[in-house]
Amino acid sequence: EAQVTQNPRYLITVTGKKLTVTCSQNMNHEYMSWYRQDPGLGLRQIYYSMNVEVTDKGDVPEGYKVSRKEKRNFPLILESPSPNQTSLYFCASGGDSLSGANVLTFGAGSRLTVL
Amino acid sequence: AQSVTQLGSHVSVSEGALVLLRCNYSSSVPPYLFWYVQYPNQGLQLLLKYTTGATLVKGINGFEAEFKKSETSFHLTKPSAHMSDAAEYFCAVSDLTSSASKIIFGSGTRLSIRP
């Protein structure tokens, strides 16, 4: 089954304790992205990657890091989490835009609470 | 720059009634337009998309949307609401010249269905 898998789905942590949210896709997509979803703000892009070893900032990158060492994996790293990073996080991957397939496949989400 | 405005953060309709969720976009080039649906505790999934061609687009679960260039709108409709339609709906825009990284999401509309 084609899917994007995120882990953990739920996490409660404390300020300053480094954490990583993993994301893996099995569709051989070149494009992957992280979003955060907050009430009333919709989805805001954190970082994205057009291919292996190619990453770029989205609209709200502060406090986050990513890496893309393999095509299938795109982990989101919070080096020193703060309470304002409490949010619902989504990983997504997408097909080749040249085919008109700017369609994203989303993971189920990771709800993070930073105390 | 592209943008999306969804009118109404919350819409409530009775079961069997017409569903109308409004979306207006701004784009300097011909747009690709999308509606995604997010069911409780799940990630977003594609409901329908408009790229080129027929302006009335049919999606899953009986939903459809019409691209109206003169009104810069892409409203989502369903003739008869079902309880299972309760979810959050996101309109999104990108364009032929940009990659998947440039998909812009609206702030979302939560649809509630009254018995």
Side-chain angles (χ1 to χ4, degrees), chain A residues 1-7 9-10 23 25 27 29-51 54-61 66 68 74 88-111, chain B residues 1-10 21 23-25 27 29-54 57 59-60 67 74 87-110:
Chain A
E1 179 189 355
Q3 60 185 359
V4 175
T5 304
Q6 299 178 224
N7 281 296
R9 293 289 313 280
Y10 302 91
C23 175
Q25 52 98 359
M27 294 164 283
H29 284 160
E30 292 184 344
Y31 174 80
M32 297 185 74
S33 181
W34 277 101
Y35 296 86
R36 60 178 288 174
Q37 182 182 14
D38 301 289
L41 298 178
L43 275 79
R44 294 181 292 169
Q45 190 177 50
I46 303 171
Y47 269 94
Y48 64 93
S49 170
M50 299 302 291
N51 212 328
V54 180
T55 63
D56 210 343
K57 296 177 180 179
D59 299 316
V60 289
V66 293
R68 188 87 182 275
F74 191 46
L88 179 58
Y89 292 86
F90 287 101
C91 180
S93 69
D96 181 4
S97 64
L98 293 179
S99 69
N102 276 348
V103 173
L104 297 178
T105 300
F106 284 82
S110 297
R111 185 168 293 282
Chain B
Q2 295 175 312
S3 66
V4 173
T5 301
Q6 291 185 239
L7 300 175
S9 59
H10 184 210
L21 304 183
C23 172
N24 288 90
Y25 70 92
S27 178
V29 297
Y32 285 170
L33 293 159
F34 309 83
W35 277 99
Y36 284 83
V37 59
Q38 182 183 25
Y39 296 106
N41 299 314
Q42 295 185 27
L44 282 72
Q45 58 184 278
L46 183 70
L47 200 56
L48 50 80
K49 71 173 183 177
Y50 168 79
T51 54
T52 58
V57 180
I60 60 173
F67 169 59
F74 191 58
E88 186 144 21
Y89 293 79
F90 292 91
C91 183
V93 63
S94 71
D95 65 70
L96 181 64
T97 62
S98 63
S99 66
S101 67
K102 297 303 181 187
I103 297 175
I104 307 297
F105 287 88
S107 57
T109 297
R110 182 168 299 280

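Note: hydrogens, waters and symmetry copies are ignored here, and every other heavy atom, side chains too, is used. Letters A, B, ... are given to chains in the order of the sequence lines, protein chains preceding strands, and every chain is numbered from 1.
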Of the backbone (N, CA, C, O) and the side chain (C-beta and beyond), which part of [X] lies under 4.5 Å from a heavy atom of chain B, both, or neither?
{"X": "A:Arg111", "result": "neither"}
{"X": "A:Tyr10", "result": "side chain"}
{"X": "A:Gln6", "result": "neither"}

So do B:Tyr36 and A:Val103 actually touch side chain to side chain, heavy atoms under 4.5 Å?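 Result yes, sub-4.5 Å side-chain heavy-atom pair found.
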Is any side-chain heavy atom of A:Phe90 closer than 4.5 Å to a side-chain heavy atom of B:Gln38?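 SC-SC contact between A:Phe90 and B:Gln38 confirmed.
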Set of ring pair (Phe, Tyr, Trp, His ring centres under 6.0 Å) partners for B:Tyr89, sequence neighbours left out: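 Result, ring pair (Phe, Tyr, Trp, His ring centres under 6.0 Å) vs B:Tyr89: B:Phe63.
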Stepwise side chain to side chain contact (heavy atoms under 4.5 Å, CB included) check, B:Leu44 with A:Leu104: CA-CA 9 Å; B:Leu44 282 72; A:Leu104 297 178; over 6 Å; no
With sequence neighbours excluded, residues passing side-chain hydrogen bond (donor to acceptor under 3.5 Å, both in side chains) with B:Ser107: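 Here no residue qualifies.
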Taking it one step at a time, do A:Gln37 and B:Phe90 satisfy side chain to side chain contact (heavy atoms under 4.5 Å, CB included)? CA-CA 12 Å; A:Gln37 182 182 14; B:Phe90 292 91; 3.2 Å; yes
Atom CZ in B:Phe105, atom CD in A:Gln45: separation rounded to 0.5 Å?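 If I round to the nearest 0.5 Å, the distance is 9.0 Å.
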With a strict 4.5 Å heavy-atom criterion, list every residue of residues 3-10 of chain B that contacts chain A, or say none.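 The stretch does not come within 4.5 Å of chain A.
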Counterpart residues, side chain to side chain contact (heavy atoms under 4.5 Å, CB included), relative to B:Ala54 (two or more places apart):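 Side chain to side chain contact (heavy atoms under 4.5 Å, CB included) check on B:Ala54 returns nothing, list empty.
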